[in-house]
Amino acid sequence: MFSKIKIADILVDSIPFIQEFRDRVIVIKYGGSAQQNLDLRDKFARDIILLYMLGIKPIIIHGGGPKITQMLQQFNVDNKFIDGVRVTSKEAMKIVEMVLSGYINRELTFFFNYHGVKAIGVSGKDSMLFKAKPKNFELFGYTGEITEVNISILQKLLDDGFVPIIAPIAAGDSIDHPGFNINADSVACEIAKAINAHKVIFLTDIKGVLDANGELISTITPSDAKKYKNDGVITGGMIPKIDACVSCINSGVKKVHIIDGRILHSILLELFTINGIGTQIIPE
Ligand SMILES: Nc1ncnc2c1ncn2[C@@H]1O[C@H](COP(=O)(O)OP(=O)(O)OP(=O)(O)O)[C@@H](O)[C@H]1O
Ligand SMILES: [Mg+2]
């Protein structure tokens with residue numbers, strides 16, 4: 001009986017959070033690093049389904065770094081990064097798209113539909129949801145950056161009750177162009193800015209942003225982030241992530257979170273508890 005009352009208590013305690021988030025758009029970046037096994041991926045989907053049932057409007061953008069790396073190695077294609085951003089040759093681009101759009105996006109979309117929630121898997125190539133240009137073709141090849149987001153399509157999907165699940169791929173400007181591979185952190189950020197999201201949450205494979213001693217930093221402002229980058233504390237894949245967080249904050253998103261997607265129900269812990277988990281990025 002005691003434990004049943006506890007469950008009821010927990011539900012009642014979540015009322016203020018539900019009041020805050022209901023009808024709001026929350027953009028969730030599901031990092032490739034946090035997609036470690038089938039059970040974790042399915043539980044992630046079910047947490048988002050709960051948010052959806054509570055009247056929150058989630059938009060999912062997924063990465064796929066480890067799976068892409070594995071496939072590139074399998075096909076003997078170069079796997080190179082500069083400051084945490086992937087360099088994408090024409091050959092690599094085909095594999096990147098197969099993994100992101102053909103495999104990860106399909107599986108995640110299926111989980112939602114399997115559990116009875118309408119989800120639609122798309123990339124920037126679908127109805128030109130977003131457009132891109134090369135980041136720096138000499139250096140990064142077909143790695144792109146977003147130039148424009150087609151908000152009316154996204155809004156239509158949300159209004160019709162779909163959960164959009166977005167692969168970070170955009171079309172090129174000719175029929176023989178393989179398309180652009182875009183870092184999913186920056187796609188999440190550009191979509192959040194364009195749709196005026198209430199919150200952006202990045203799920204990754206680490207507790208949050210760590211300092212030089214490996215301790216979790218619970219709150220960061222844009223100027224702190226700049227310092228940690230200059231001091232070499234933030235490196236690799238955390239560079240595009242923190243850049244995306246800062247860009248969101250500078251464009252008016254109130255709070256951005258980096259949390260550990262390996263922890264079960266991490267997204268619910270972040271949204272429905274007072275202190276949350278991980279690192280929050282807030283204005284100065
Ligand atoms: N100061 C730091 N604090 C925390 N992580 C850091 C830091 N500096 C570098 N990192 C690295 O950043 C990684 C997270 O970025 P990564 O790009 O690997 O994951 P992701 O973005 O979640 O996945 P994907 O790129 O596949 O979507 C961590 O696993 C860690 O190795
Ligand atoms: Mg990354």
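Whatever order the structure lists them in is the order used to number ligands and atoms, beginning at 1.
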**OP:** Answer yes if the side chains of Thr88 and Thr143 hold a donor-acceptor pair under 3.5 Å, and no otherwise.
**Re:** yes
Original post:
Any side-chain heavy atom of Tyr52 within less than 4.5 Å of one from Pro58?
Top reply: yes
Subject >> Atom indices of ligand 1 within 4.0 angstrom of Gly31 heavy atoms, with elements >> reply: 22 (O), 23 (O), 27 (O)
Subject >> Contacting atoms of ligand 1, where contact means under 4.0 angstrom from a heavy atom of Thr204 >> reply: 14 (C), 19 (O), 20 (P), 22 (O)
Subject >> ligand 1 contacted by Lys207 (non-hydrogen, < 4.0 Å) >> reply: no
Original post:
Which of the atoms of ligand 1 are close to Lys29, meaning less than 4.0 Å from one of its heavy atoms?
Top reply: 20 (P), 21 (O), 24 (P), 27 (O)
Subject >> For Asp205, atoms of ligand 1 separated by under 4.0 Å from a heavy atom >> reply: 14 (C), 28 (C), 29 (O)
**OP:** Compare Thr69, Thr235, Ile68, Ile258 and give the one whose heavy atom is closest to atom 9 (C) of ligand 1.
**Re:** Thr235
Subject >> Distance filter under 4.0 Å to Pro66 heavy atoms, resulting ligand 1 atoms >> reply: 26 (O)
Subject >> Heavy atom of the protein closest to atom 19 (O) of ligand 1 (residue, atom name, distance) >> reply: Ser33 OG, 2.8 Å
Original post:
Quick one: which of His62, Lys241, Met238, Arg86 has a heavy atom closest to atom 7 (C) of ligand 1?
Top reply: Met238
Original post:
Does a sphere of radius 6.0 Å around NZ in Lys125 hold more than 12 heavy atoms from other residues, nucleotides or ligands, not counting ones at 6.0 Å or beyond?
Top reply: yes
Original post:
Is the CD atom of Glu107 crowded by more than 12 outside heavy atoms at less than 6.0 Å?
Top reply: yes
Subject >> Identity and distance of the protein heavy atom lying nearest atom 26 (O) of ligand 1 >> reply: Gly65 N, 2.7 Å
Subject >> Derivation of the ring pair (Phe, Tyr, Trp, His ring centres under 6.0 Å) call for Phe202 and Tyr30 >> reply: CA-CA 6 Å; Phe202 294 84; Tyr30 188 31; over 10 Å; no
**OP:** Check ligand 1 against Gly208 and write out every atom of the ligand that is under 4.0 Å from a heavy-atom position of the residue.
**Re:** 3 (N), 4 (C)
**OP:** State the atoms of ligand 1, each with its element, that fall below the 4.0 Å cut-off from a heavy-atom position in Leu203.
**Re:** 22 (O)
**OP:** For Ile10, look at atom CD1 and say whether over 12 heavy atoms of other residues, nucleotides or ligands are found less than 6.0 Å away.
**Re:** yes
**OP:** Provide, to 0.1 Å, the distance between atom 30 (C) of ligand 1 and the closest protein heavy atom, together with that atom's residue and name.
**Re:** Ile206 CD1, 4.0 Å
Original post:
Can you list the ligand 1 atoms lying under 4.0 Å from a non-hydrogen atom of Gly63?
Top reply: 27 (O)
Original post:
How close do Pro168 and Phe130 get, heavy atom to heavy atom, and via which atoms?
Top reply: CA-CZ, 4.3 Å
**OP:** Could you tell me the separation between the CD1 atom of Ile48 and the CD1 atom of Ile28, rounded to the nearest 0.5 Å?
**Re:** 3.5 Å
Original post:
Quick one: are Ser89 and Val77 in side-chain contact, heavy atoms under 4.5 Å?
Top reply: yes
**OP:** Look at atom 3 (N) of ligand 1 and say which protein heavy atom is nearest, naming residue and atom and giving the distance to 0.1 Å.
**Re:** Leu210 N, 2.9 Å
**OP:** Around atom 17 (O) of ligand 1, find the nearest protein heavy atom and jot down its residue, atom name and distance.
**Re:** Gly237 CA, 3.4 Å
**OP:** For the residue pair Ser186 and Glu145, confirm or rule out a side-chain donor-acceptor distance under 3.5 Å.
**Re:** no
Original post:
Which of these, Val85, Asn183, Val233, has its nearest heavy atom closest to atom 1 (N) of ligand 1?
Top reply: Val233
Original post:
Quick one: nearest non-hydrogen protein atom to atom 24 (P) of ligand 1, plus distance?
Top reply: Gly32 N, 3.4 Å
**OP:** Quick one: pull up OG in Ser123 and CE in Met128 and give me the separation to the nearest 0.5 Å.
**Re:** 9.5 Å
Subject >> Gly64 heavy atom under 4.0 Å from ligand 1 >> reply: yes
Subject >> Side-chain donor-acceptor contact under 3.5 Å, Asp224 with Thr221 >> reply: yes
